[in-house]
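What you see below is based on every heavy atom in this structure, not just the backbone, and it leaves out hydrogens, waters and symmetry mates. For this chain, numbers begin at 1 and follow the sequence in order.
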Amino acid sequence: MNILFEEKDLEILISTMNRDSLEFLVPMFSSLDYSKISILIINQVQNEINLTSNYPNIRVINSFEKGLSKSRNLALQNATGKILLISDDDVVFEKGFIAKIINAYHKYPNAAVIKFSALKADKKLLNKYSTNSKSRLNAFDILNTSSIELTLNKFQVDFRKYRFDENFGLGGIFEMGEEAVFLSDLKKDNKQLVFEPQIIVEHKNSTSSEKRDILDRYFISGALFTRIFKEKYLFWIFVKMFFDLKHKKIKMNNLNAIFRNAIKGHKTFQQSK
């Protein structure tokens, strides 16, 4: 099904917490007028604070639920755009980002997801990206994906079936990896997952993975690999340990503790099912 998308078809899904003003949008859209863009804000609150919008194109849902994946799922459930861009509240969008996204979907009209590139605050790339487009993401691509890099084609993804696993992501039992789980579920059903080496966004703060110590990361990885790869989870734990050793992210004398934590994550996930 080939659809000619327009820039007005893009909707940005922003997850945030405890907001009572739209002022946080100003630095996010420094290169353009956000009042002319379709935006859905999920504002998770703990008290009577409510966020409202006077702009017809900016919708707000105030929710008393906690957890990033819960926020993402509520956004997907209520999204109206044809192309959806997943976002946090601490990013800055690059000039011309909407045109880059729309052009990519004209290039890959059957893509369920197109992953783009992002920058860190120091203007360096957020991840190690290919310099070429990829028409199919592999397992390594999926495991090295941040949610702010993702766009979704609503014609290709049924959000009643495909949802973020609420065990993963900030506020969940395992506070990373929700993107990889979501993409893996799509890939298992042969949905087309694409990468385009176009920069669309800058992330101003450290990512959640960068803030975690290595033992915590392996605890989460043990659960994540079990969720995605099932009985092959041990193979992927060893693959991760090999690459982390190679890139000097871990040391030989820590391997025993690291492996134990990964197995602990595996067991915790199994018990949570």
Side-chain angles (χ1 to χ4, degrees), residues 7 10-16 24-32 34 37-42 68-69 71-72 75-76 81 83-105 107-108 111-153 164 168-170 175-184 186-187 193-212 217 220 224 247 249:
E7 292 195 11
L10 179 77
E11 184 174 26
I12 302 173
L13 312 180
I14 302 176
S15 293
T16 191
F24 75 96
L25 295 176
V26 175
M28 292 180 64
F29 296 91
S30 58
S31 64
L32 71 168
Y34 65 79
I37 303 171
S38 293
I39 299 172
L40 173 59
I41 300 170
I42 306 300
L68 184 56
S69 287
S71 178
R72 302 286 195 222
L76 294 178
I83 300 298
L84 308 177
L85 170 60
I86 296 176
S87 180
D88 293 330
D89 61 359
D90 58 351
V91 303
V92 177
F93 292 104
E94 293 285 296
K95 186 175 181 180
F97 77 99
I98 297 178
K100 293 177 183 178
I101 294 169
I102 297 304
N103 289 338
Y105 278 97
K107 183 178 177 182
Y108 296 101
V113 172
I114 299 183
K115 171 183 173 179
F116 291 86
S117 299
L119 297 174
K120 296 187 287 188
D122 60 5
K123 303 299 182 181
K124 294 181 180 179
L125 291 173
L126 183 65
N127 289 309
K128 290 184 177 180
Y129 300 109
S130 168
T131 55
N132 300 313
S133 301
K134 288 187 174 184
S135 60
R136 299 282 175 182
L137 298 186
N138 60 34
F140 291 102
D141 297 322
I142 287 172
L143 291 171
N144 289 290
T145 294
S146 299
S147 57
I148 60 170
E149 301 164 343
L150 295 180
T151 64
L152 311 174
N153 182 346
F164 284 89
F168 293 86
L170 289 173
E175 295 202 318
M176 297 188 307
E178 71 279 7
E179 312 94 335
V181 172
F182 183 78
L183 293 179
S184 294
L186 290 168
K187 186 174 177 63
L193 311 179
V194 169
F195 170 70
E196 268 293 292
Q198 298 268 357
I199 297 169
I200 61 169
V201 70
E202 176 183 333
H203 197 267
K204 301 301 288 185
N205 299 317
S206 299
T207 63
S208 56
S209 62
E210 292 173 330
K211 297 175 184 177
R212 299 189 175 280
R217 284 189 232 172
I220 296 170
L224 178 65
H247 295 287
K249 295 180 179 180

message = How close do Glu178 and Phe164 get, counting heavy atoms only, and between which atoms?
response = O-CD2, 3.6 Å
ask   = Which heavy-atom pair separates Ser69 from Gly169 by the least distance, and what is that distance?
value = OG-CA, 4.3 Å
message = I'd like to check Ile39 versus Leu13 (side-chain heavy atoms, cut-off strictly below 4.5 Å). Are they in contact?
response = no
query = Is the backbone of Leu193 close enough, under 3.5 Å, to the side chain of Tyr108 for a donor and an acceptor to pair up by distance?
reply = no
task = Take the angle between the ring planes of Tyr129 and Phe195 and call it parallel below 30°, perpendicular above 60°, tilted in between.
result = parallel
task = Assess whether side-chain contact (heavy atoms from CB on, under 4.5 Å) is satisfied between Leu224 and Val181, documenting all intermediate values.
result = CA-CA 7 Å; Leu224 178 65; Val181 172; 3.4 Å; yes
task = Test side chain to side chain donor-acceptor pair (under 3.5 Å) on Glu196 and Ser133 and set out the steps.
result = CA-CA 5 Å; Glu196 268 293 292; Ser133 301; 2.3 Å; yes
inquiry  = On a heavy-atom basis, which atom in Met28 and which in Asp88 lie closest, and how many Å separate them?
reply    = CE-O, 3.2 Å
inquiry  = Ile200 vs Glu149, test: side-chain contact (heavy atoms from CB on, under 4.5 Å). Steps then yes/no.
reply    = CA-CA 8 Å; Ile200 61 169; Glu149 301 164 343; over 6 Å; no
query = Are Glu11 and Leu85 close enough that some pair of their side-chain heavy atoms sits under 4.5 Å apart?
reply = no
ask   = When rounded to the nearest 0.5 angstrom, what is the spacing between CZ in Phe140 and CG in Leu137?
value = 13.5 Å
Lys123 with Glu202: basic N within carboxylate O range, under 4.0 Å = yes
message = For Ile114, is there any backbone N or O sitting under 3.5 Å from a side-chain donor or acceptor partner on Thr151?
response = yes
ask   = Between the side chains of Asn103 and Gln198, is a donor N or O closer than 3.5 angstrom to an acceptor N or O?
value = no
ask   = With side chains defined as the heavy atoms from C-beta onward, is the minimum distance between Glu94 and Ser31 less than 4.5 Å?
value = no
message = If I take atom CZ from residue Phe182 and atom CG from residue Leu76, how far apart are they, to the nearest 0.5 angstrom?
response = 5.5 Å
query = Is it true that a side-chain atom of Asp89 and a backbone atom of Thr16 form a donor plus acceptor pair closer than 3.5 Å?
reply = no
remark   = Between the CZ atom in Phe116 and the CD1 atom in Ile148, the distance rounded to the nearest 0.5 Å is 13.0 Å
inquiry  = To the nearest 0.5 Å, what is the distance between CG on Leu84 and CD1 on Ile12?
reply    = 10.5 Å
task = Take Ile86 and Leu152, measure what side-chain contact (heavy atoms from CB on, under 4.5 Å) needs, and give me the verdict at the end.
result = CA-CA 8 Å; Ile86 296 176; Leu152 311 174; 4.1 Å; yes
Minimum side-chain heavy-atom gap Thr131-Pro197 below 4.5 Å = no
ask   = How far does CD1 of Ile83 sit from CD of Glu7, to the nearest 0.5 angstrom?
value = 12.5 Å
inquiry  = Does any part of the side chain of Tyr34, heavy atoms only, come nearer than 4.5 Å to the side chain of Val26, both counted from C-beta?
reply    = yes
query = Looking at Lys115 and Asp141, does any basic side-chain N land under 4.0 Å from a carboxylate oxygen?
reply = no
task = Mind running side-chain contact (heavy atoms from CB on, under 4.5 Å) on Leu126 and Ser117 for me, showing each step along the way?
result = CA-CA 8 Å; Leu126 183 65; Ser117 299; over 6 Å; no
message = Distance check, rounded to the nearest 0.5 Å: Leu150 atom CG versus Leu183 atom CG?
response = 5.5 Å
note = Heavy-atom nearest pair, Leu10 first then Ser38, reads O-CB, 3.5 Å
message = Do Leu68 and Ser15 make a side-chain contact, defined as non-hydrogen atoms from C-beta onward lying under 4.5 Å apart?
response = yes
note = Smallest heavy-atom separation, Val92 atom then Ser30 atom, equals CG1-OG, 3.7 Å
query = Which atom names give the shortest non-hydrogen contact between Ser87 and Phe93, and what distance separates them?
reply = OG-CZ, 3.5 Å
